[in-house]
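Just so we're on the same page: letters track the sequence lines, and every chain starts at 1.
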Amino acid sequence: MNVETMYQEIILDHYRSPHHKGLREPFDAEVHHVNPTCGDEVTLRVRVEDGVVTDVSYDSLGCSISQASTSVMTDLVVGRPVADALRTHDEFLQLMQSRGESEPDEDVLEDAVAFVGVSRYPARIKCALLGWMAWKDATAQAVAAASSSAPTEEMA
Amino acid sequence: MTTPLAVALDVERIRKDFPILDRVVHGDKPLVYLDNAATSHKPTQVLDAVHDYYTVHNANVHRGIHVLAEEATALYEGARDKVATFINAADRGEVVFTKNATESINLAANVIAWAAPPLGLSPGDEVVITEMEHHSNIVPWQLVCERTGATLRWFGITDDGRLDLSDIDRVITERTKVVSFVLVSNILGTVNPAAEIVRRAREVGALVVIDASQAAPHLPLDVQALGADLVAFTGHKMCGPTGIGVLWGRKQLLEELPPFLGGGEMIELVTMQRSTYAALPHKFEAGTPPVAQAVGLGAAVDYLSGLGMERVAEHEHAITAYALDRLQAVDGLRVIGPTTPDARGAAISFVLGDLHPHDVGQVLDELGIAVRVGHHCARPVCERFGVPATTRASFHLYSTLGEVDALVAGLDQVRRFFR
């Protein structure tokens, strides 16, 4: 079955046992994103300390692709400087826009390389991006809040 | 159907009229099309009518004296006559062509809101809808209520997927100006008891708007028997083209209501200060209408009438009964909506264990089986039943028992895949 190119075992593993799931405190920003065409929803919190993403926690409802992608994303951004994590985000976004043609860099994307098959299915790309978009939004809010409350500190 | 009809639909012959049903997908899988509530396929008769219109008759309507303009106008207005007969309208002027059912309902909601007293909406007035509505029969009413200060109220849904009308006299009251509800639910399949709702609305003098989008393609639709004031439906779900919808309205009411869109075609006399409006139905048809699409809808109505809507309904009822039986025997499957075929249309929503419908639909697609997954533009229904989304199989006149079997076999494969 061709659909197996989409449902890689790595994806199904993350779907069955998602990483970093659950809503935790403390956090600096919380967002709620939805995919209105299919009803996937995620509430996601980000903690940013000294320019480093120290926690991402979330509660979500959705298909295996959106759940697994959010789980993989947390592995890739937690513990990383915001700027690095954003570069990984951009790399993943590029992968999802590649229509299956990309040869993703496993050093950068790790488990997320498994999503290359999903990029062949236009209807599922939004599922794979839901958690990432929520994280980017929340992180931007957290960084903006930090810079406005501490105007003397420079963001690197 | 209480009396079995002498001759059932010859589905194998009907399927020959729909070339797309011979398609294979994903290599060599025969298409099993179970997404008819989203849109129906089009028979050759409709495709030919549209092709013939553009090939031989194409012109703008109502505004030329040349041969093509007269032919195009006759075809466009002929389509209106066919639709009027199909729904048993008392007058052809009661049939307004729109873009789709969504536009029909927006038209209805806005002109009701704008109308002069005693029509019109203002603070203190109430609009009653139901939790079962498609978003296209929720959002237009939210918009007009926000703009006029009227209050939106709604009927809830029972656990078995029926409208909860137990407190009908407290929901529809003297303050109610409009009651708008779906005749057949696109997500639950429920056929709603229109007569009971219309009776109560009449008692309090409220207008009644009915969304018949999932009724017109599947059941005999008699707007006079329904007793509503306005009825909306769309062409593409009833074997016609996209881009053409219908708003039927009681003639006297349509005459009292103000125009919706302004422009060419809907006017009688225009001066720089003010304008007067065309007679029905043109008053509500501003601009160049979807002529070819109307012609296609006329051909679709001919096609359906030729088969007989009672027979279409009987066929779909039999398919639905069979599908409900077989689906409910699938391990872990829960039907969202009525679980028996009584007062039920041919759309069946379900969830399969804790699998997300997106995943169910993806694997079914790989097998050539087209279903719809998501909230079906009826998110409040999903919320009511505590599910983020459903998988929906929906049938039409060309659906077969074999397609139901293919779906059930496909669901077994889905379960094995995600085990």
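- Taking the side chain to side chain contact (heavy atoms under 4.5 Å, CB included) definition, one finds that A:E106 meets it with A:V113, sequence neighbours left out.
- Contacts with chain B (heavy atom to heavy atom, under 4.5 Å) involve these residues of residues 53-81 of chain A, listed by number: A:L61, A:G62, A:C63, A:S64, A:I65.
- The neighbour count for A:R24 CZ, taken as heavy atoms of other residues, nucleotides or ligands under 6.0 Å away, is above 12.
- At a threshold of 4.0 Å, the pair A:D84-A:R87 counts as salt-bridged, since one of the basic side-chain nitrogens sits closer than that to a carboxylate oxygen.
- Every residue two or more places apart in sequence or in another chain that forms a side chain to side chain contact (heavy atoms under 4.5 Å, CB included) with B:L143 is listed here: B:V139, B:E146, B:R147.
- With respect to the salt-bridge test (charged N to carboxylate O, under 4.0 angstrom), the residues B:D359 and A:R124 qualify.
- In terms of the side chain to side chain donor-acceptor pair (under 3.5 Å) criterion, residue partners of A:W135 (sequence neighbours excluded) are, by chain and number, A:T139.
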